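Structure, as structure tokens:
Bear in mind that the values here come from a model prediction, so they are computed numbers and not experimental data. Labels below follow one simple rule: chain letters A, B, ... track the order of the sequence lines, proteins then strands, and each chain is numbered from 1.
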2 protein chains.
Amino acid sequence: MARPRSFDPDDVLEIARQVFWQKGFQATSLDEITAASGIAKPSLYAAFGDKHALFLRVLDRYHDGILGWAERVLAQPGPAREAIRQWLTGFIPYCSGEKGQRGCLSINSATDGSLDQAALRKSIERYNRRLEELLRSRLRADRDQFRKGFDPDVTAHTVMVVHAGLMALAHQTPDSKQVMAVIDQVMSLLA
Amino acid sequence: MARPRSFDPDDVLEIARQVFWQKGFQATSLDEITAASGIAKPSLYAAFGDKHALFLRVLDRYHDGILGWAERVLAQPGPAREAIRQWLTGFIPYCSGEKGQRGCLSINSATDGSLDQAALRKSIERYNRRLEELLRSRLRADRDQFRKGFDPDVTAHTVMVVHAGLMALAHQTPDSKQVMAVIDQVMSLLA
DNA sequence: CTTATTCTATACCTATAAGTACAGAATAAA
DNA sequence: TTTATTCTGTACTTATAGGTATAGAATAAG
């Protein structure tokens, strides 16, 4: 019974993600998002709220995407080590070569001291917790594939640390072969 | 033959480091630095140049501090593994517990998309290169302590990745015991 | 003591960016 | 077609923050 919205909010979130991912939260102005999306500020505010709320939506959406993909990859049959190796290698395009500059939106945000906002911290914590939970349950389920004394909980966290490290060092765009060698070496812990 | 400077530049850099470290480059205003240091803006500009130049000085100073400490720790006699373990555990106060929120100034800066400035990237790259070089040369020197086929170059990079990961995840303030467990597990690669 | 010179502090300028008022456009119901 | 309602776009307000002009303070040389 009134004028309908002229844009798909998800399209705008996708565009906003690209801009935020490239420049970071602080350095991204709403004018850049309006320019990239073609949507004027009042429409953005009506649809998403202020800049923090928009970023939170973008980040949640990003998290959901990675979690969904991780669920699929880690549910694969076969050795747990190969599933986890595949999960880690899936990030190579984002932590080496041309796209490497960007790294991980979540980790970039986590290390941004200016984003000390309760809602954002919570989103990032929840994401990390769920990701680690996926790794841990897979390692626990396949416990008998590993040596005696293998600790799936510590190993899950170690894999999280390695993942975070690769993404944090992504901004130097290391060689993908070097990344692969590190992953191979770490995977030797899963034995 | 004129009025001398009323402050020690190094003191100001130390204070600026604290503020930048806590809030990040973008979110730190020069007014906050003047408030924390008691030095007015014109004096800061005369001594250090603009905000980017000041931050670069702060970051270089931070890098030098860590590199100097790393040189000392990694020059220790005894097993290379123990020297490297000690180096990693030295970061625990900054990646767990109360101070964990801060993480590493260099990594926080590296993941900040808004700091895509040539000079800053160069400083960070040089720092990472020198740090990895310290690890690599120690591992190479003690090569005969390790199994056949041990690769000191890949291992040095793996240690760098783990270090970066611990610091990137610092903002969730994990338990120091969990950090210790990860370090122990990774150290098992140095055998 | 005078003076040249450099530093310091107040106050200001300017640009940018977050957020909004308001008028006009578009649509569904009557 | 009319009308109520919601969306869109221009233009504005306001605050903040980087950077600086300028006047006055402090010091070493003469």
Check your understanding: Among residues 5-30 of chain B, which contact DNA chain C at a heavy-atom distance under 4.0 Å?
Key -> B:Arg5, B:Ser6, B:Phe7

**Study point:** B:Asp31 CG to C:dC12 P, straight-line distance once rounded to whole Å
**Key:** 15 Å

**Study point:** Nearest-angstrom distance from the residue atom CZ of B:Arg3 to C1' of D:dT27
**Key:** 9 Å

Exercise for review: Take B:Glu14 and B:Gln18 through the test side chain to side chain donor-acceptor pair (under 3.5 Å) and record every step on the way to the result.
Suggested key: CA-CA 7 Å; B:Glu14 172 61 26; B:Gln18 292 172 13; 3.2 Å; yes

Practice item. Find the distance B:Ile33:CD1 to D:dA17:P and express it as a whole number of Å. Key: 12 Å

Practice item. Ignoring hydrogens and angles, tell me if any N or O in the side chain of A:Arg102 forms a donor-acceptor pair with the backbone of A:Gln22 under 3.5 Å. Key: no

Could you tabulate the donor-acceptor pairs under 3.5 Å formed by side-chain atoms of residues 117-126 of chain B, not counting sequence neighbours?
{"from": "B:Arg121", "atom 1": "NH1", "to": "B:Asp116", "atom 2": "OD1", "distance (Å)": "3.2"}
{"from": "B:Ser123", "atom 1": "OG", "to": "B:Asp60", "atom 2": "OD1", "distance (Å)": "2.7"}
{"from": "B:Ser123", "atom 1": "OG", "to": "B:His63", "atom 2": "ND1", "distance (Å)": "3.2"}

Review point. Are any of the side-chain nitrogens in A:Asp142 or A:Arg81 under 4.0 Å away from the carboxylate oxygens of its partner?
Key: no

Point to revise | Check against side-chain contact (heavy atoms from CB on, under 4.5 Å), B:Gln76 and B:Trp87 | key: CA-CA 10 Å; B:Gln76 274 182 124; B:Trp87 179 68; over 6 Å; no

Point to revise | Protein-nucleotide distance (A:Leu54, atom CG; C:dA18, atom P), rounded to Å | key: 11 Å

Revision key, fill the gap. Sorted by number, residues from residues 37-52 of chain A placing a heavy atom under 4.0 Å from DNA chain C are A:Lys41, A:Pro42, A:Tyr45, A:Asp50, A:Lys51

**Study point:** Minimum heavy-atom distance A:Pro93-A:Thr89, with the two atoms named
**Key:** CD-O, 4.0 Å

Check your understanding: B:Glu32 side chain to B:Ser29 main-chain N or O, any donor-acceptor pair under 3.5 Å?
Key -> yes

**Study point:** Side chains of B:Gln26 and A:Ser114, donor plus acceptor under 3.5 Å
**Key:** no

